[in-house]
Amino acid sequence: MQGKGHKVAKYMRLSRDDGDDRESESIENQRDIIDNYINTHEDLEIVQEYVDDGFTGTNFDRPGFQKMLQDIEEGKVDCIITKDLSRFGRDHIDTGYYLERYFPNKRVRYIAIR
């Protein structure tokens, strides 16, 4: 942690496969939930927002996600916040890799609000 605290990436994803949940999972809804959370935590500073609208969570070959990884590598981001874990990813093996190996190795904090 440096300066004000964590350098936060807001990550939002919505898939066409989300079907009936589309309204409650909308990008706007996810953004509002994340912003409300950040507003109550002074140690969190938003540095970037990444959106993958229309991309499945079953793989991580998504443009917003890949850009976020690039920014992690460049040290621009050290905290990722999503509305919930399903917005991050739906493949358990790859999700586990990022949460248990990649993020800790890069000293990146992950927060799923719900």
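To the nearest 0.5 Å, atom CZ of residue Arg114 and atom CD of residue Gln30 are 10.5 Å apart. Atom CE of Met68 and atom CG of Asp71 lie 9.5 Å apart (nearest 0.5 Å). Interatomic distance, Arg90 CZ to Ser15 OG, rounded to the nearest 0.5 Å: 7.5 Å. Between Glu45 atom CD and Asp43 atom CG the span is 11.0 Å, to the nearest 0.5 Å. One distance of note links CD1 of Ile113 with CD1 of Ile33; it measures 7.0 Å at 0.5 Å rounding.
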side-chain contact (heavy atoms from CB on, under 4.5 Å) evaluation trace for His6 with Val77 | CA-CA 8 Å; His6 286 288; Val77 169; over 6 Å; no
Audit row: Phe55, Asp61, side-chain contact (heavy atoms from CB on, under 4.5 Å) steps and yes/no = CA-CA 9 Å; Phe55 288 85; Asp61 188 24; over 6 Å; no
Verify side-chain contact (heavy atoms from CB on, under 4.5 Å) between Ile38 and Val8, making sure each step is shown before the conclusion.
-> CA-CA 9 Å; Ile38 290 170; Val8 174; 3.9 Å; yes
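Ring orientation note: the planes of Tyr37 and His41 are close to parallel, at an angle under 30° on the 30°/60° scale. The aromatic rings of Phe103 and Phe88 sit perpendicular, their planes meeting at an angle over 60°, well past the 30° parallel limit.
Residue Leu85 is grouped with residue Tyr102 when hydrophobic side chains (ILVMFWY) are merged at heavy-atom distances under 4.5 angstrom, including chains of intermediate members. Under the 4.5 Å side-chain contact rule for hydrophobic residues, Ile27 and Ile81 share a cluster. Leu44 and Tyr11 are not part of a single hydrophobic cluster, where members link through side-chain heavy atoms under 4.5 Å apart. Note: the hydrophobic cluster containing Ile34 does not contain Tyr110 (ILVMFWY, side chain heavy atoms under 4.5 Å, direct or indirect links). Hydrophobic cluster membership differs between Ile46 and Leu69, with clusters built from Ile, Leu, Val, Met, Phe, Trp and Tyr side chains linked at under 4.5 angstrom.
In Glu74, the CD atom is crowded: over 12 heavy atoms of neighbouring residues, nucleotides or ligands sit closer than 6.0 Å. Heavy-atom contacts from other residues, nucleotides or ligands closer than 6.0 Å to CD of Glu73 number more than 12.
Within the 4.5 Å cutoff, side-chain heavy atoms of Met12 are placed close to those of Glu49. Side-chain contact between Lys83 and Asn29: present, with at least one pair of heavy atoms (C-beta onward) separated by less than 4.5 Å.
Smallest separation of non-hydrogen atoms from Ile80 and Val108: CD1-CG1, 4.0 Å. Closest non-hydrogen pair, Ser26 versus Leu14, comes out as CA-CD2, 4.2 Å. Shown here for Gly75 and Lys7, the closest heavy-atom pair between the two residues is O-NZ, 2.7 Å. When all heavy atoms are compared, the tightest approach of Gln66 to Phe60 is NE2-O, 2.7 Å. Residues Ile111 and Cys79 approach most closely at CD1-SG, 3.9 Å, considering heavy atoms.
A distance-only check finds a donor-acceptor pair linking the side chain of Arg13 to the backbone of Arg87 [under 3.5 Å]. Asp91 places a side-chain N or O within donor-acceptor distance of the main-chain N or O of Asp94, the cut-off being under 3.5 Å.
One finds a salt bridge joining Lys10 and Asp35 here, because a Lys/Arg side-chain nitrogen approaches an Asp/Glu carboxylate oxygen to under 4.0 Å.
Note that Arg62 lies in the cation-pi zone of Phe65, set by a 6.0 Å cut-off to the ring centre and a 45° limit from the axis.
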